[in-house]
Protein chains: 2
Amino acid sequence: MATNVTITDIAKELNTTPATVSRALNNHSSISEETRARVWEVAKRLNYRPNSIATSLRSGKSHLIGVIIPSAKINFFGSVVHGIESLASEHGYNVLIYQTNESREHEKKGIQAFLNARVDGILVSMAKETHDYKHFLEARDSGTPIVFFDRANEDLDIASVVIDDYKGAYMATEHLIQQGYKRIAHIAGPQHIRLFNNRLRGYLGALQANNITIDSSLIYTGNISIEAGKTAIEHFLSLPNPPDAVFSVEDFTALGALKALKEHQILIPEQFGVIGFANEEFGEHTTPSLSTLDQQTVLMGEAAFTLLQEQINMKTSTQMKAKKVVLDPIPVYRQSSTRH
Amino acid sequence: MATNVTITDIAKELNTTPATVSRALNNHSSISEETRARVWEVAKRLNYRPNSIATSLRSGKSHLIGVIIPSAKINFFGSVVHGIESLASEHGYNVLIYQTNESREHEKKGIQAFLNARVDGILVSMAKETHDYKHFLEARDSGTPIVFFDRANEDLDIASVVIDDYKGAYMATEHLIQQGYKRIAHIAGPQHIRLFNNRLRGYLGALQANNITIDSSLIYTGNISIEAGKTAIEHFLSLPNPPDAVFSVEDFTALGALKALKEHQILIPEQFGVIGFANEEFGEHTTPSLSTLDQQTVLMGEAAFTLLQEQINMKTSTQMKAKKVVLDPIPVYRQSSTRH
DNA sequence: CTGTTAGCGCATTCAG
DNA sequence: CTGAATGCGCTAACAG
């Protein structure tokens with residue numbers, strides 16, 4: 001029952017030694033075809049399962065990779081994990097997950113747990129709360145490769161995979177321009193978070209590139225929530241010269257905007273264009289459906305794993321500068337911004 | 001750098017033995033306060049991290065639990081994993097995840113990988129494809145506790161946590177009756193999947209309990225998809241005596257129904273009531289918002305872990321019948337079915 | 001209270 | 001080609 005059979009058991013059964021069994025099972029070169037076959041036969045018969053804990057202890061490689069995310073409940077991270085696990089599994093790695101719930105304390109605990117487990121590498125999307133990076137450096141210095149995804153820190157010399165927020169915002173804004181909207185507003189997120197700042201810059205960059213004067217009254221900075229989107233629209237509509245389109249920093253805020261505009265009986269996209277960012281699931285099903293930018297979540301997971309694997313396979317001596325992979329967001333233009 | 005410090009290193013530093021260090025670090029009873037302090041000091045200074053692989057090998061407990069899900073991309077499973085990981089982490093377990101992508105072959109590989117890793121227990125939501133349960137029985141017989149969640153098999157004498165689909169369907173149907181709808185239809189899912197059958201039975205049960213004659217033309221059986229919902233509505237509206245409400249087996253199908261009804265300019269909920277099942281994220285944001293039943297995903301994860309932990313802590317001799325936990329779905333009545 | 005011995009399961013020496 | 005010996009890092013039993 002609960003007794004797991006070991007190579008010693010097999011050896012006894014065959015009046016040979018564990019070493020021979022080990023060699024046979026690992027298809028080692030110097031072993032006679034006959035013993036190999038006999039060993040495999042017995043192994044199968046006894047239902048032998050290699051104890052990967054023992055192998056790990058001996059080899060020093062756990063074939064485990066640790067993934068730290070804010071929450072598995074958040075769609076985005078679920079998708080990234082999907083990408084990570086698919087590739088990892090294919091390459092013989094098992095995946096450990098740990099949720100921080102946005103707490104730096106938990107994040108630290110996660111890193112500790114992973115280091116104790118001797119994971120071969122760590123993938124992390126930082127908690128919002130985190131402004132102190134000791135625990136990451138500690139991991140890296142202990143020789144465990146780390147790769148950030150989505151939420152990264154540029155200054156840390158740690159590899160990362162992120163979305164090009166500037167480019168996405170630029171594309172979204174330019175799309176609105178091409179659709180013929182004249183006064184394009186932006187609902188911005190908290191500016192101390194870099195990615196929101198990048199999106200604001202992308203918006204400004206697109207306006208400038210198209211010789212459109214920037215009107216600061218058309219930039220509303222708030223939280224990211226449905227409520228914030230509604231408030232932003234109320235603000236915009238109260239302006240003497242209101243906008244006729246908005247690039248919203250994020251889909252939920254865009255949804256708020258959509259709702260507020262509908263309450264005001266403003267036709268979307270005819271009178272007012274709306275585009276968000278993130279490609280949340282609901283966007284396809286709102287009325288009108290919401291234009292947005294897809295963040296390539298699965299690809300991000302795969303890229304992060306690939307980067308990590310490179311580091312794992314690299315001789316630790318071959319220390320080179322941390323790679324940064326920047327993924328292009330994919331435009332998803334739906335009804336809310338498409339006039340033609 | 002990459003060299004991890006061991007208790008032997010600490011022992012050398014202090015001219016003592018690994019055993020003493022081990023005892024000190026584990027706050028063992030018979031150890032002098034002085035040595036304990038000295039050991040801890042050195043451990044901290046050398047940045048010692050216990051090697052949990054070694055501990056696992058020695059103790060026979062990995063403090064790992066394995067979770068097998070169809071896909072992390074699916075919201076539902078992300079939420080359940082959230083529940084599992086939260087509790088597991090709190091209880092000192094690390095969580096391994098493995099995706100099957102609905103393939104039995106992968107499911108088998110996942111079980112193998114987990115058994116090799118000597119996980120202390122396994123949580124699994126079966127792949128749709130799976131109709132052969134050897135790999136589960138093998139795991140159980142090897143002494144590794146298993147608990148099913150959401151997708152379970154009743155005949156296997158393996159513990160499980162599932163949603164009460166019958167009850168949910170019953171509640172949904174009764175809700176429509178109470179809202180004054182007279183001819184209530186049902187869009188059913190493939191009947192060879194038990195949970196869909198249970199929902200059909202719940203629908204029928206509620207009608208019977210309220211002395212409403214069952215009209216088989218009001219039951220449309222199809223796939224679960226937006227398209228199926230639309231087709232169902234087209235079918236219903238072509239009837240000589242069409243229904244005025246529908247309980248849809250699942251939210252996406254309900255969404256299709258919503259869309260088709262809107263195309264026909266039928267007012268929801270005034271002329272036609274709609275309720276789904278699953279509480280997908282988009283339902284809150286459709287126009288009108290979609291009534292549905294919440295599946296208590298996080299709670300399901302927590303319950304599954306709790307059940308597993310019970311089994312892990314149970315003396316293997318105390319073999320008792322597999323527990324089945326049945327969770328009540330929570331009604332979420334929104335605009336699409338609320339007339340008053 | 002501390003040191004010695006031993007072994008968890010495996011894979012790699014080094015001898016034959 | 002196979003056997004014997006050794007150690008990965010840790011902890012428990014058994015002395016002292």
Side-chain angles (χ1 to χ4, degrees), chain A residues 2-40 42-43 46-64 92 115-120 142-144, chain B residues 2-40 42-43 46-64 92 115-120 142-144:
Chain A
T3 59
N4 275 304
V5 354
T6 70
I7 53 171
T8 311
D9 297 331
I10 300 180
K12 274 186 196 142
E13 187 86 5
L14 288 166
N15 285 320
T16 179
T17 66
T20 302
V21 175
S22 170
R23 280 186 281 247
L25 290 172
N26 292 307
N27 294 318
H28 200 276
S29 54
S30 53
I31 190 96
S32 80
E33 193 43 59
E34 196 211 326
T35 36
R36 190 204 310 281
R38 297 199 310 146
V39 167
W40 275 96
V42 177
L46 298 186
N47 198 21
Y48 168 76
R49 321 198 146 285
N51 183 328
S52 42
I53 295 176
T55 308
S56 295
L57 181 58
R58 191 160 201 296
S59 69
K61 333 215 95 295
S62 63
H63 286 278
L64 243 40
L115 292 180
N116 291 355
R118 300 299 191 262
V119 297
D120 291 343
S142 86
T144 307
Chain B
T3 58
N4 275 305
V5 355
T6 71
I7 53 170
T8 311
D9 298 331
I10 299 179
K12 276 188 194 137
E13 187 87 3
L14 289 166
N15 287 319
T16 178
T17 65
T20 302
V21 174
S22 170
R23 280 187 281 246
L25 291 172
N26 292 306
N27 294 319
H28 199 277
S29 55
S30 54
I31 190 95
S32 80
E33 193 44 58
E34 196 209 328
T35 37
R36 188 204 312 282
R38 297 198 313 147
V39 167
W40 275 96
V42 176
L46 298 185
N47 199 22
Y48 168 76
R49 320 199 147 286
N51 184 328
S52 43
I53 295 177
T55 309
S56 295
L57 180 59
R58 192 157 202 295
S59 69
K61 330 217 98 292
S62 63
H63 286 278
L64 242 40
L115 291 180
N116 290 355
R118 300 300 192 264
V119 297
D120 292 342
S142 86
T144 307

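If you're wondering where the values come from, they're calculated on a predicted model, not measured in any experiment. Order of the sequence lines fixes the chain letters, A, B, ..., with proteins taken first and strands second; residue numbering starts at 1 for each chain.
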Test of understanding: with side-chain hydrogen bond (donor to acceptor under 3.5 Å, both in side chains), list the residues that count as partners of Thr17(A), not counting sequence neighbours.
Thr20(A)

Gap between atoms CG and P, on Asn4(B) and dC8(D) respectively (whole Å):
13 Å

Toward the 5' end of DNA chain C, by each residue's nearest nucleotide, Ala19(B) or Ser59(B):
Ala19(B)

Please list, chain by chain and in numerical order, all residues satisfying salt bridge (charged side-chain N to carboxylate O under 4.0 Å, His left out) with Arg36(A), sequence neighbours excluded.
Glu33(A)

Under the side chain to side chain contact (heavy atoms under 4.5 Å, CB included) rule, what do Asn4(A) and Arg118(B) come out as? Steps first, then yes or no, please.
CA-CA 10 Å; Asn4(A) 275 304; Arg118(B) 300 300 192 264; 3.5 Å; yes

Looking at CD1 of Ile7(B) and CG of Asn51(B), how far apart are the two atoms once the value is rounded to the nearest 0.5 Å?
10.0 Å

Integer-rounded Å distance: dC1(D) P and Arg36(A) CZ
9 Å

Which pairs pass salt bridge (Lys or Arg N to Asp or Glu O under 4.0 Å) with one or both residues in residues 11-20 of chain B, sequence neighbours excluded?
Glu13(B)-Arg45(B)

For Val5(B) and Tyr48(B), the nearest pair of non-hydrogen atoms, with its separation, is O-CD1, 3.3 Å

NA contact type, Ser22(B), heavy-atom cut-off 4.0 Å: base, sugar-phosphate, or nothing?
base

List in numerical order all residues of residues 49-57 of chain A for which some heavy atom is under 4.0 Å away from an atom belonging to DNA chain C.
Pro50(A), Asn51(A), Ala54(A), Thr55(A)

Can you list the residues that meet the salt bridge (charged side-chain N to carboxylate O under 4.0 Å, His left out) rule with Arg49(B), with sequence neighbours excluded?
Glu138(A)

Which atoms of nucleotides 14-16 of chain D (N or O only) lie under 3.5 Å from a protein N or O atom, and what are those distances?
none

According to side-chain contact (heavy atoms from CB on, under 4.5 Å), who are the partners of Thr6(B), at least two apart in sequence or on a separate chain?
Thr8(B), Asp9(B)

How would you label the contact of Ile7(B) with the nucleic acid (heavy atoms, under 4.0 Å): base, sugar-phosphate, or nothing?
base

Overall bend - the helix from dC1(C)-dG16(D) to dG16(C)-dC1(D), comparing terminal axes fitted on five pairs, nearest 10 degrees
50°

Could you work out, with side-chain hydrogen bond (donor to acceptor under 3.5 Å, both in side chains) as the rule, every residue matching Thr35(B), not counting sequence neighbours?
Ser32(B)

Nearest 0.5 Å, what's the CG-CG distance between Leu115(B) and Asn47(A)?
9.0 Å

Could you pull out all residues at least two apart from Asn26(B) that satisfy side-chain hydrogen bond (donor to acceptor under 3.5 Å, both in side chains)?
Ser22(B)

Tell me which one of Val21(A), Val42(A), Ile10(A) satisfies side-chain contact (heavy atoms from CB on, under 4.5 Å) with Thr16(A).
Val21(A)

Base, sugar-phosphate alone, or nothing: which one does Thr17(B) contact when heavy atoms must sit under 4.0 Å apart?
base

Going by side-chain contact (heavy atoms from CB on, under 4.5 Å), name the residues that satisfy it together with Ser56(B), two or more places apart in sequence or in a different chain.
Ile53(A), Ser62(B)

Side-chain N or O of Thr20(A) less than 4.0 angstrom from OP1 or OP2 on dG3(D)?
yes

Length of the CG-C1' vector between Asp9(B) and dG7(D), whole Å
14 Å

Value rounded to 0.5 Å, distance of CD1 in Ile31(A) from CG in Leu25(A)
9.0 Å

Which part of the nucleic acid, if any, lies within reach of Ser30(A) when heavy atoms closer than 4.0 Å are counted: base, sugar-phosphate only, or nothing?
base

Where chain B begins and ends its contact with DNA chain C, read 5' to 3' at 4.0 Å from heavy atoms
dC1(C) to dG9(C)

If you look at every strand shown and take non-hydrogen atoms under 4.0 Å, does Thr16(B) touch a base, only sugar-phosphate, or nothing?
sugar-phosphate

